[in-house]
Each structure stands twice: as structure tokens, then as C-alpha cells.
Amino acid sequence: MTRRILVTSALPYANGPIHIGHLVEYIQTDIWVRFQRMIGNRCVYICADDTHGTAIMIRAKKEGRSEEDLIADMSGQHQRDFADFHVEFDHYGSTNSDANRQQCHAFWSALRQAGLVTEKSIEQLYDPEAQTFLADRFVRGTCPVSGHKNQPGDNCQCGATYSPTDLIDPKSTLSGATPVIRTAVHLFVQLEKLRSFLTDWIDSSDALQKETANYLKGYFLAEGKELKDWDISRPGPYFGFEIPDSPGNYWYVWFDAPIGYVSSTKEWCDINGESFDDWWRSESTEIHHFIGKDITYFHTLFWPGMLHTAGLQLPTKVHIHGFLNVGGEKMSKSTGTLISAETYRKYAQPDYLRYFYATKLTPRVEDLDLGIDEFVDKVNSDLVGKVVNLASRVGKFAKNTGLSETYPDDGGLFENAASAGDAIAEAYEVGDYSRAMRLIMELADAANPFVEHAKPWEMKNDSDRQDELRDVVTVALNLFRQLAIYLAPVLPTLAEKCSALLGEPITSWDQSKQPLVGTSVEKFQRMMERLQPEDLQKMIDESKETVDAESAADDRPTFNDSDQPLKDEPMSEEITIDDFAKVDLRVARVLTAEHVPEANKLLKLTLGLGGDETRQVFAGIKAAYEPEKLIGRLVVMVANLQPRKMRFGLSEGMVCASGPGGEDVFLLAVDEGAQPGQRVH
RNA sequence: GGGCCGGUAGCUCAGUCGGUUAGAGCAGGGCACUCAUAAUGCCUUGGUCGCGGGUUCAAGUCCUGCCCGGCCUACCA
């Protein structure tokens with residue numbers, strides 16, 4: 001029976017380019033969609049750009065253009081990136097569309113009618129200069145707990161969490177202005193009222209992986225705990241849709257984003273003459289959302305609640321995947337592992353990444369790791385060494401021989417691979433691509449020895465053995481074709497090349513069951529190049545550079561630091577790392593600090609380097625620091641400085657500080673966590 | 001602190017309902033081959049299945065305690 005399946009990936013936010021972490025999801029989804037089509041199901045893949053919110057508004061302003069202009073630009077970039085990676089949508093919409101506005105209205109009136117909307121006044125920081133309310137991340141200030149400076153609005157590096165209104169000396173990152181507290185009315189959805197529905201849904205449907213269902217029931221839906229009201233409005237100015245019955249308020253971006261799934265489907269329906277109800281109101285249609293674990297909460301509580309209230313079908317399955325790590329660590333700008341789709345594309349084939357991700361993806365919510373060496377090995381040994389090489393090693397003869405009229409005896413290889421099709425299909429179906437790839441590679445491993453033992457090279461110059469040669473070619477190319485078919489959801493390009501070589505397009509899974517015989521073969525052309533580790537290194541290097549440039553341009557708040565200090569004390573001549581290494585800087589704790597009666601500028605300090613190791617140091621900081629206030633704090637000292645005999649005693653090092661002297665002396669501080677005795681590198 | 005997942009060969013992992021001598025790919029070593037993108041084939045080295053208890057005729061597999069790693073979440077399921 002043909003299934004009717006609607007598939008979505010999460011809507012990428014229009015505030016940045018697609019990177020290889022995003023691609024895990026789109027590739028995962030695209031593979032599933034292609035697989036479904038190959039086995040004959042009706043499958044429509046819908047996505048859109050997520051375009052609203054403060055971040056977009058601010059960025060547009062900074063770039064001096066309209067939001068519409070910005071999001072049109074980003075949408076173009078996103079779609080180009082996806083196309084490069086062979087991620088093919090049936091429709092790619094935008095949350096800033098008429099269709100989405102209409103759907104938002106429909107959802108909203110359903111929520112209103114169901115009595116789920118409530119109003120509350122909340123206090124929030126407001127930037128009087130930028131004339132906008134500030135989300136937590138747009139405020140920085142001094143932590144009220146530890147006193148750390150320049151901390152974000154909701155938490156501090158010391159581990160404390162607080163409300164942005166508690167920050168000491170808060171500053172808006174938008175304008176630098178000091179925010180004021182303003183009260184505004186926000187609209188909330190009372191999710192608690194949907195508790196029993198949600199509990200039932202989680203229990204009765206098998207839409208969620210078991211771990212996710214447990215997590216939701218154990219955490220959000222735990223007994224004695226209320227689901228919090230969901231704040232779904234923002235006061236203007238806000239780039240988004242104004243709420244019809246609450247002028248001056250706009251739907252929060254997370255309200256209209258998932259509705260984009262519905263509105264984008266609606267657009268697709270209108271374009272293609274399809275009935276919307278067939279896709280969102282029909283029990284016989286499956287709805288599959290692919291998302292990352294970070295947005296689990298929105299897609300498993302709010303979204304089902306909204307769909308339920310609006311009378312639309314609930315998701316059949318929410319496929320949740322983990323995050324991408326690179327080299328065992330979180331992707332980061334500084335190490336160059338936050339690689340954009342665009343940069344990747346310059347150095348490696350998209351299909352390689354598709355294959356690598358496929359070998360790593362399972363139905364579990366687990367992070368996956370891209371190890372550079374592993375990536376190179378897998379692509380080169382599996383795809384090039386095993387799969388493509390199978391075609392390559394008989395390809396040259398095939399143009400002359402063509403394929404035999406009947407399929408020759410191959411010792412059961414083709415039959416075996418044909419019957420493996422079901423197990424491979426099952427693995428794709430449940431999202432266990434890792435297993436699917438393993439099964440396919442087993443087939444590839446079995447295929448190559450056939451060519452080896454058949455020794456076609458002994459036949460090629462013997463005119464009497466051309467029929468034999470043709471049989472060998474026929475077997476090898478048919479086994480290769482089976483692999484290409486099974487890999488087609490992952491490697492559409494390879495399937496195309498196989499199709500071109502054999503003159504028959506690969507369109508369906510069942511083609512793997514019947515050998516191709518009696519046809520001619522085109523001239524063989526290389527199908528894949530080996531991946532060079534150096535190219536990946538270049539990719540990483542380039543990612544470092546672009547991000548550095550960006551962060552210099554974008555992230556740096558405007559500081560107007562004077563150039564006087566540098567003028568007063570110009571830069572010294574260059575030194576080598578070895579020169580620097582001679583200076584042994586250590587973290588030290590001030591154990592005692594006292595005035596030296598006879599000295600004008602000096603304090604006498606005892607510095608602890610951990611354990612019993614201490615140093616006596618005379619420091620010229622008397623005018624700037626009270627001895628009592630120094631005791632206990634961590635400083636940085638030059639620990640291997642030659643001791644110097646002073647009038648008041650021996651000074652066994654130096655405390656690091658900046659400033660011209662006198663009262664303007666500033667000791668170097670060390671961040672939380674440093675231990676006395678640690679060397680400063 | 002709590003919840004979840006994991007710990008099997010140097011690396012990445014498989015191991016179904018507990019059932020013979022624990023497997024694969026890659027990497028390493030040896031040999032062979034030359035059709036192929038220094039590709040491939042054959043052979044081979046390599047494991048106290050995190051640790052300790054328990055259940056059982058039988059435990060990588062089940063139970064339990066502990067250790068380690070990851071993810072999630074923090075006055076806390």
C-alpha cells in the first residue's frame with residue numbers, strides 16, 4: 001500500500017548561513033525522503049526559512065536595509081546551500097508570507113476559542129535608544145553574585161543565574177545605552193490546560209523515541225509540576241506579525257515558526273492543485289518532523305498542543321537527532337570546526353558528507369562525531385576503494401562487450417544482495433542509516449573478490465574469451481548497480497552516474513531485484529575522487545579566517561579606548577616563544593600583605609604557590625591597594641626572577657600589574673578556577 | 001545532585017530470545033595480483049567484552065554495587 005507522507009525539517013533561522021551541523025538534519029531528512037520515494041511511497045518534503053524576531057530586526061538595522069531584503073537574501077543563500085548538498089525540497093517557503101500570516105490567524109483564533117490565552121504584565125529591560133525591549137542575551141552587565149563584569153543578562157560564568165533586571169550596571173548590546181525597566185502586557189498560552197491531552201498523546205502514540213517520552217513525562221509532565229504558561233507575544237517594534245486582537249503586540253517568533261510547516265505545505269498545495277486537507281487533516285497521511293534535540297520541547301509539547309487545538313493532524317513521528325561534534329569537541333569558531341556549507345563545498349564533495357553522516361546516524365538521540373581521519377578513511381576505503389572501484393575495474397572493457405543476454409552464474413552474489421534489500425530498507429525506514437551502510441558495505445566486500453577470481457585481465461586480449469569477459473563485466477556491473485541503488489538515497493549523484501553508464505535511470509528500490517542484461521554500456525568515466533586530508537585541513541584553516549574576520553566586524557561592541565597608553569610606552573621589539581618561555585609566570589595567592597613603615601610605595605607580600613611553597617615579594621602598589629583587601633586573592637607573579645636584596649629584605653619575584661604607577665596600578669586577576677602554582681602560558 | 005545513554009581488538013562499531021572456539025570494517029604484518037583511482041585479493045597479529053558481586057547447567061548478553069565518558073537538567077523528575 002502506498003503511504004502518503006509529509007516530511008519536514010526544522011526551519012533554519014534567517015540570521016546566519018548553513019553550516020555542517022545544520023546539514024546533519026537536512027541530509028538525514030533528505031535521505032529518508034529519497035528512500036520513501038524509491039520504495040514507492042508518496043512523500044512530500046516541506047521546509048521554509050524562519051524569518052522573524054529581534055535578531056533579524058537588529059541585524060537588518062545594522063546592515064542598513066529592510067528586514068524583507070535581509071531575509072530574501074538569506075533564503076537565497078540557504079536554498080543554494082541545500083541544493084549544493086542535494087537536499088531537495090518540494091517547497092521552500094518563508095514564515096514571513098501571507099500564507100503563514102493566515103495560518104497564524106487560524107491557530108490563534110482556535111487558541112482563543114479554546115480559552116487557552118491569558119494576559120499578564122511583565123517587567124522587562126527596555127533600551128530607550130534603540131526603542132526596543134531587550135531579550136536576555138542583548139543585555140550585559142556585572143553579575144550581582146560574583147561581581148564578574150560584562151556577563152550576559154541571564155547567567156554568569158560563575159554559574160549564577162538571575163534575571164536581567166538584577167544585573168549591576170546593565171548595558172544594552174544594541175546601543176550601549178543603559179536599559180530601563182518597563183512593564184508590558186504579554187499574551188500567554190496556558191499549556192497546563194492541555195496536560196491530559198499531552199500525556200495521553202505521549203503515552204498512546206509512538207511518535208516519540210522512548211528516551212524522549214520518558215524525559216518529557218519525567219520532567220515537564222512530572223506529577224506536582226505545572227506546565228508553565230508560554231509567553232507568545234512581544235511588544236512592538238518587533239519584526240513579525242501583529243496579533244489581530246491585541247494591537248501593538250506581535251507573535252513571538254517561536255509561535256509562528258512551526259506554523260510555517262503548515263503554511264509552506266499550503267503554498268505547495270496551491271501551486272500543485274493538491275487538497276490541503278489531504279495533508280494536514282487526513283488520518284491516512286503520515287506527518288514526520290525531523291528536528292535537533294535542542295528544540296525537543298517546542299515540537300513535543302507546544303506544537304502538538306497547537307495542532308490539537310487547531311484541529312490538525314498530530315505528527316506521526318518526531319525524529320530527534322543529536323548535535324555534531326568535530327574531532328570529539330563541540331564545533332567552535334576558534335578551532336575552525338564551525339564549517340559553513342559554502343566553505344565545505346569548496347574543498348570536498350557534498351556526497352562525502354552525506355555518506356559519512358549516514359554511517360553515523362542511528363534512531364537514537366545521540367551526538368555524532370566527525371573525526372577528520374575517520375571521515376577520510378571511510379570515504380576513501382568504502383566509497384572509492386570498494387564501491388566505485390568495482391565499476392572502475394571492469395568499466396574499460398564494458399564499452400566493447402556490453403552486457404550479456406542472460407545473467408551469468410555468479411555463485412549467488414546477486415541473489416544474496418537482492419535479498420538483503422529488505423533488511424537495508426528496514427534500516428532506512430527506522431532511521432538506522434548506520435546499519436544500512438554497514439549492510440551495503442558487506443555486499444561491496446563480497447563483490448570485489450568475484451572480479452579478482454574471475455581474472456578478466458587474462459581474457460581481455462584473447463578473442464576466444466570475449467563471451468567470458470562479457471559475463472564477468474555483466475556480473476561486476478550488476479553488483480555495482482545494486483550498491484548504487486541501495487546507496488541512492490544517500491548518494492544521488494552516484495546513482496545518476498550509474499544510470500548514465502548503464503543507460504537506465506535508477507528510480508526504484510525494486511530495480512535491485514532484477515539484473516540488467518542485454519544492453520550496451522557507455523564509456524566508463526571516473527565517478528569519484530579520493531578525498532585528500534590536506535583539503536580538509538585547508539577547509540578548517542579557512543573556517544578560522546572567515547570567522548575571525550566576522551567576529552571582528554560583527555561581535556565587537558564599540559569601545560573607544562584611548563591610544564595614549566601605547567604612545568606612552570611603545571611596543572617592545574619582537575621576541576621568540578623561547579624568550580617568552582624563560583619567564584615563568586605563576587598564579588599565586590596573597591597569603592599576607594603588610595605596610596613597610598619605611599617605604600613610600602611598597603607593600604610586603606607573602607605569595608603562596610600551593611603547598612608550602614611561598615615567596616616574599618615587595619610590590620610597588622601601596623598607593624593603589626589596601627593590604628587587607630589583597631589577602632586571599634589570586635595574582636600573577638614572575639616566579640623565576642632573580643631575587644633582589646632591598647633595603648627592607650629580599651624580594652623573591654614580582655607581581656604583575658599594569659598602569660603608569662601611583663594610584664593607577666592594576667593587578668592582573670585570574671579567572672575563577674585557577675590554582676596557585678599553575679604556570680601562565 | 002538527579003535523569004538518560006554508553007564503556008567489546010590501536011580506531012569506528014556489530015553482537016538477535018542468555019547457548020559452542022566473541023565478530024566486521026579500517027589501521028598493523030606477510031604474500032599475491034595488475035582489470036582498477038598505490039586500487040584489489042588471500043593469509044595473519046590483536047580482546048580478563050570498564051571493575052566487583054549475584055542469578056543460571058551456561059552471562060558480553062539478566063540483576064546489583066561501583067568506576068569512567070557523554071548528553072540533558074539543575075533547590076531537583
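Everything numeric in this text was worked out from a predicted model, so none of it was measured. Below, chains carry the letters A, B, ... as their sequence lines are ordered, and counting in each starts from 1.
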Asks: Rounded to whole angstrom units, what separation is found between the NZ atom of A/K360 and the C1' atom of B/G70?
Replies: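 Going from A/K360 (NZ) to B/G70 (C1'), I get 14 Å.
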
Asks: Rounded to whole Å, how long is the line connecting atom CD of A/E366 with atom C1' of B/C13?
Replies: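 That distance rounds to 12 Å.
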
Asks: Would you indicate what A/V472 reaches in the nucleic acid, counting non-hydrogen atoms under 4.0 angstrom: base, sugar-phosphate, or nothing?
Replies: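 Here A/V472 touches no strand at all.
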
Asks: Just how far, in rounded Å, is P of B/U12 from OH of A/Y357?
Replies: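 My rounded result for the distance is 18 Å.
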
Asks: What nitrogen or oxygen pairs link the protein and nucleotides 22-32 of chain B at under 3.5 Å?
Replies:
from	atom 1	to	atom 2	distance (Å)
B/G25	O3'	A/K386	NZ	3.2

Asks: Going by the rule salt bridge (charged side-chain N to carboxylate O under 4.0 Å, His left out), which residues pair with A/D369 if we only count those two or more places apart in sequence or in a different chain?
Replies: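 A/D369 satisfies salt bridge (charged side-chain N to carboxylate O under 4.0 Å, His left out) with no residue once adjacent residues are dropped.
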
Asks: Given that A/S434 and A/W457 both sit by RNA chain B, which one's nearest nucleotide is further toward the 5' end?
Replies: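 Comparing both residues, the 5'-ward one is A/S434.
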
Asks: Which part of the nucleic acid, if any, lies within contact of A/K293, taking any heavy atom under 4.0 Å across all strands shown: a base, the sugar-phosphate backbone alone, or nothing?
Replies: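 Answer is sugar-phosphate: A/K293 comes under 4.0 Å of backbone atoms only.
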
Asks: Expressed in angstrom and rounded to an integer, what is the separation of A/L216 atom CG from B/G3 atom P?
Replies: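 In whole Å, B/G3 P lies 17 Å from A/L216 CG.
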
Asks: When the P atoms of B/U16 and B/G2 are considered, how many whole Å apart are they?
Replies: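 It comes out at 31 Å once rounded to the nearest Å.
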
Asks: Can you tell me the distance, in whole Å, between the CG atom of A/L531 and the P atom of B/U37?
Replies: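 To the nearest whole Å, that distance equals 18 Å.
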
Asks: Let me check something: any side-chain donor-acceptor pairs from residues 449-458 of chain A under 3.5 Å, sequence neighbours excluded? List them with distances.
Replies:
from	atom 1	to	atom 2	distance (Å)
A/E452	OE1	A/R393	NH2	2.9

Asks: Provide, to the nearest angstrom, the distance between the NE2 atom belonging to A/H453 and the P atom belonging to B/C43.
Replies: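 Those two atoms, NE2 and P, are 8 Å apart.
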
Asks: Ignoring the backbone of A/K378, work out which of B/G15, B/U12, B/C35 is nearest its side chain.
Replies: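 So the side chain of A/K378 is nearest to B/U12.
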
Asks: Between B/C5 and B/C42, how far is it from one C1' atom to the other, in whole Å?
Replies: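 My reading of the C1' atoms in B/C5 and B/C42 gives 41 Å.
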
Asks: Which donor-acceptor pairs under 3.5 Å do the side chains of residues 15-22 of chain A make with protein atoms, sequence neighbours left out?
Replies:
from	atom 1	to	atom 2	distance (Å)
A/N15	OD1	A/R59	NH1	3.4
A/H19	ND1	A/G21	N	2.9
A/H19	ND1	A/H22	N	3.4
A/H22	ND1	A/H19	N	2.9

Asks: For RNA chain B, whose closest nucleotide is more 5', that of A/N448 or that of A/T362?
Replies: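 Per heavy-atom nearest nucleotide, the more 5' residue is A/T362.
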
Asks: Counting C-beta onward and ignoring hydrogens, is there a side-chain heavy-atom pair between A/W32 and A/Y433 closer than 4.5 Å?
Replies: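 Heavy-atom side-chain distance check passes, below 4.5 Å.
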
Asks: Between A/E226 (CD) and B/A77 (P), how many Å, whole number?
Replies: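 Atom CD in A/E226 sits about 17 Å away from atom P in B/A77.
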
Asks: Who are the side-chain contact (heavy atoms from CB on, under 4.5 Å) partners of A/V365, not counting sequence neighbours?
Replies: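 By the side-chain contact (heavy atoms from CB on, under 4.5 Å) rule, A/V365 matches A/Q209, A/E211, A/T212, A/K293, A/I320.
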
Asks: Between B/G70 and B/C33, how far apart are the C1' atoms? Round to whole Å, please.
Replies: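 Rounded to whole Å, the distance is 46 Å.
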
Asks: With rounding to the closest Å, how many angstrom separate the C1' atoms on B/A24 and B/C17?
Replies: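 Approximately 23 Å lies between the C1' atom of B/A24 and that of B/C17.
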
Asks: For the pair A/F375 and A/Y344, name the ring-plane relationship: parallel under 30°, tilted 30 to 60°, perpendicular over 60°.
Replies: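 The rings of A/F375 and A/Y344 sit tilted, inter-plane angle from 30° to 60°.
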
Asks: Quick test of your reading: applying side chain to side chain donor-acceptor pair (under 3.5 Å), list the pairs with at least one residue in residues 402-427 of chain A, sequence neighbours left out, ordered by first then second residue.
Replies: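 Non-adjacent pairs meeting side chain to side chain donor-acceptor pair (under 3.5 Å): A/S404-A/D471, A/S404-A/T474, A/Y407-A/D410.
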
Asks: What stems show up for RNA chain B when you take Watson-Crick pairs (N1-N3 plus N6-O4 or O6-N4) and G-U wobbles (N1-O2, O6-N3), both under 3.5 Å, and require three or more consecutive pairs?
Replies: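 If one scans RNA chain B for consecutive Watson-Crick or G-U pairs, the stems found are B:1-7 with B:67-73, B:10-13 with B:23-26, B:28-32 with B:40-44, B:50-54 with B:62-66.
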
Asks: A/N400: what forms a side-chain contact (heavy atoms from CB on, under 4.5 Å) with it, not counting sequence neighbours?
Replies: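 A/N400 satisfies side-chain contact (heavy atoms from CB on, under 4.5 Å) with no residue once adjacent residues are dropped.
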
Asks: Can you tell me how far C1' in B/U44 sits from the matching atom in B/U48, rounded to whole Å?
Replies: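 Going atom to atom, C1' in each nucleotide, I get 23 Å.
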
Asks: With a cut-off of 3.5 Å and sequence neighbours excluded, list every side-chain donor-acceptor pair involving residues 188-196 of chain A.
Replies:
from	atom 1	to	atom 2	distance (Å)
A/Q190	OE1	A/K193	NZ	3.2
A/E192	OE1	A/R195	NE	3.4
A/E192	OE1	A/R195	NH2	3.4
A/E192	OE1	A/L227	N	2.7
A/E192	OE2	A/R195	NE	2.8
A/K193	NZ	A/G115	O	3.1
A/R195	NH1	A/L221	O	3.3
A/R195	NH2	A/K225	O	2.1

Asks: Say we look at B/U34 and B/G29: how far apart would their P atoms be, to the nearest angstrom?
Replies: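 After rounding to an integer number of Å, I get 23 Å for this pair.
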
Asks: Which residues satisfy the side-chain contact (heavy atoms from CB on, under 4.5 Å) test with A/L516, sequence neighbours excluded?
Replies: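 Per chain and number, A/L516 pairs via side-chain contact (heavy atoms from CB on, under 4.5 Å) with A/L403, A/N478, A/R481, A/L502, A/E504, A/T519.
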
Asks: Does A/K346 pair with A/D535 as a salt bridge, N-O distance under 4.0 Å?
Replies: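 A salt bridge is absent here (no side-chain N lies under 4.0 Å from a carboxylate O).
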
Asks: Round to the nearest Å and state the distance from A/L479 atom CG to B/U40 atom C1'.
Replies: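 In whole Å, B/U40 C1' and A/L479 CG are 15 Å from each other.
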
Asks: Over all strands shown, is A/Y215 touching base, sugar-phosphate only, or nothing at heavy-atom distances under 4.0 angstrom?
Replies: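 The residue A/Y215 makes sugar-phosphate contact but no base contact.
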
Asks: Distance between the P atoms of B/A59 and B/U45, in whole angstroms?
Replies: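 It works out to 27 Å between them.
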
Asks: Looking only at atom types and distance, does a side-chain atom of A/R354 sit under 3.5 Å from a main-chain N or O of A/F85, one as donor and one as acceptor?
Replies: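 Checked: pair present.
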
Asks: Could you please name the option among B/U37, B/C71, B/C35 that lies closest to any side-chain atom of A/V451?
Replies: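 The closest nucleotide is B/C35.
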
Asks: In residues 389-427 of chain A, what residues come within less than 4.0 Å of RNA chain B, judged by heavy atoms?
Replies: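 Per residue number, the list reads A/N389, A/S392, A/R393, A/K396, A/F397.
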
Asks: Using the test side-chain contact (heavy atoms from CB on, under 4.5 Å), find all partners of A/Q466 that sit at least two apart in sequence or belong to another chain.
Replies: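 Partners of A/Q466 by the side-chain contact (heavy atoms from CB on, under 4.5 Å) criterion, ordered by chain and then number, come out as A/T401, A/L469.
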
